[in-house]
J.: 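Quick one: this structure, given as structure tokens, is what I'll be asking you about.
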Amino acid sequence: MSTVLTAPLPVHDADPFGHDILENPLPFHEELREAGPVVHLSRYDVYAMARYGQVHAALRNWQGFQSAAGVGLSNFRTEKPWRPPSLLLEADPPRHDAPRRVLAGLLVPRALRRLREHWRAVADDLVDRVLERGTEFDAVPELAEAYPLRVFPDAVGIPDEGRENLLPYGDFLFNAFGPHNDLVAAGAPRAPELSAWVNAQCARDVLADGGFGAQIWAAADRGDITPEQAPLVVRSLLSAGVDTTVHGLAAALHALATHPEQWRRLRSQPQLARVAFDEAVRWGAPVQTFFRTATTDVQVADVVIPGGRKILMFLGAANRDPRRWRTPTHPDPDTFDLTRDPSGHVGFGFGIHQCVGQHVARLEAECLLTALARRVETIEIAGPTRRHHNNTLWAWGSLPVRVRPA
Ligand code: OVV
């Protein structure tokens, strides 16, 4: 017989999906971290983790914290999901593994090398055109959105028509991981139409030869996945690959525009572009949260999370936990600093579900940030910035910037 010591569970009554916290989650994150290793969120009757150690451990523990019951607030066992579950994100081993292997193989750095030269040229061209139009512009539509939309859908191989649906689809999808609040209600009317369009882009006959989409279908021909799985794997690319990168790039642009000394550092050492992006994903975590569901009773620190309960993991809070990030050389986790080693951040998750597209995102960031660093001597915020509220994404709606061309 074993005895489990349990401590009283700290409680927080805030709404993590309310507009005040979506606007600026940082004070709430600190309260959660300081409240304890596991906290009960009374508003939704779920458990929460905001400290690095527990978030990291929970992300690794796919046996104890399953994904197949959904990684949003709603439990797929008791509530019908709004779309057929993802074969990657919303699945556990063994079913998760074949689709994951196929996608991972297509998206490893070695497989992306063929894209670099073209993606660099597109970034150079985009930056040139933006600068031709003037030295003040909104970095969200003009760079953070424009660049991924120029390279990623082509790389997947979807047709041109309807690409304007990609961002609204992603916005709804990431809202739908949260509660059925005003953000979900506002997006719901278009969800069926957007979803139907995305699903139609996953069919074999619409996907261009040589793209990621066609390669996923080729994997089905080889028997690595089934023909029924192929369209859903393509759907994962179109679901997870656009808004996340857009807001990761926006986080990087915001960070650099508000830290002139870090911009100078990047200008003098353009090979820091990748570090700059990962530091931005740590500091500005574009994906803030995901849920898991306890498979059985799981003990975390001195708390037992009962089987069947939802756990909300605060990736952005873990990324600034002083317990992990306060070091002798870099004592303040809240600073954006290219001399820091950001590796180990959980902005891409961790473990078997860690972002399979992270190398694609890093390549996009490398191309865009080096193109910008070559042509722009200074970049600063030129007007009021605006957040775009989403239940999962920490997003920018508008980043007016002023640049001085080099
Ligand atoms: C990581 C992520 C986010 C959203 C959707 C998916 C994955 C998916 O696989 O559909």
Side-chain angles (χ1 to χ4, degrees), residues 55 58-59 62 65-74 76 81-93 95-107 148 152-153 156 158 165-178 183-184 187 191 194-202 212-213 216 219 225 228-248 251 281 285-293 312-316 345-362 364 390-395:
V55 170
L59 287 166
W62 57 266
F65 297 116
Q66 62 167 310
S67 291
V71 297
L73 174 62
S74 112
F76 290 178
W82 74 277
R83 58 171 203 169
S86 163
L87 301 181
L88 288 107
L89 180 72
E90 297 155 329
D92 298 312
R95 296 181 55 206
H96 155 273
D97 298 340
R100 169 80 190 199
R101 250 193 310 275
V102 166
L103 216 40
L106 297 181
L107 305 180
F152 187 71
V156 177
I158 64 169
N165 291 326
L166 285 168
L167 285 170
Y169 176 79
D171 191 47
F172 181 77
L173 166 67
F174 283 98
N175 273 327
F177 294 122
L183 291 167
V184 173
L194 295 169
S195 195
W197 178 83
V198 165
N199 292 342
Q201 311 314 305
C202 301
F212 295 138
I216 288 166
I225 50 174
E228 290 73 33
Q229 290 175 316
L232 281 168
V233 178
V234 180
R235 195 193 66 177
S236 281
L237 281 183
L238 297 176
S239 301
V242 187
D243 300 62
T244 49
T245 318
V246 164
H247 294 296
V281 172
V287 176
Q288 284 278 302
T289 47
F290 271 126
F291 288 85
R292 293 287 190 265
T293 309
L312 182 51
M313 304 176 300
F314 286 84
L315 310 179
H345 74 72
V346 290
F348 286 121
F350 202 79
I352 66 165
H353 292 285
Q354 188 178 36
C355 179
V356 74
Q358 60 184 285
H359 308 292
V360 183
R362 289 201 184 100
E364 290 178 56
N390 181 284
N391 283 334
T392 302
L393 304 169
W394 201 21

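When a ligand or atom number is given, it counts from 1 through the structure's own listing order.
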J.: Keeping Asn175 on the side-chain end and Val184 on the backbone end, is there a donor-acceptor pair under 3.5 Å?
T.: no

J.: Can you list every pair where an N/O of ligand 1 is under 3.5 Å from an N/O on the protein?
T.:
residue  : atom   : partner : partner atom : Å
ligand 1 : 9 (O)  : Ser86   : OG           : 2.6
ligand 1 : 9 (O)  : Ser236  : OG           : 2.6
ligand 1 : 10 (O) : Arg83   : NH2          : 2.7

J.: Can you tell me if Asp92 uses its side chain to pair, donor with acceptor, with the backbone of Ala68 under 3.5 Å?
T.: yes

J.: Quick one: list whatever passes ring pair (Phe, Tyr, Trp, His ring centres under 6.0 Å) with Phe177, sequence neighbours left out.
T.: Phe174, Phe290

J.: Evaluate the criterion side-chain contact (heavy atoms from CB on, under 4.5 Å) for residue pair Asp243 and Tyr169; output intermediate values, then yes/no.
T.: CA-CA 9 Å; Asp243 300 62; Tyr169 176 79; over 6 Å; no

J.: What class does the angle between the rings of Trp82 and Phe172 fall in, given that below 30° is parallel, 30 to 60° is tilted and above 60° is perpendicular?
T.: perpendicular

J.: Are Gln288 and Leu393 side-chain neighbours, meaning at least one heavy-atom pair lies under 4.5 Å?
T.: no

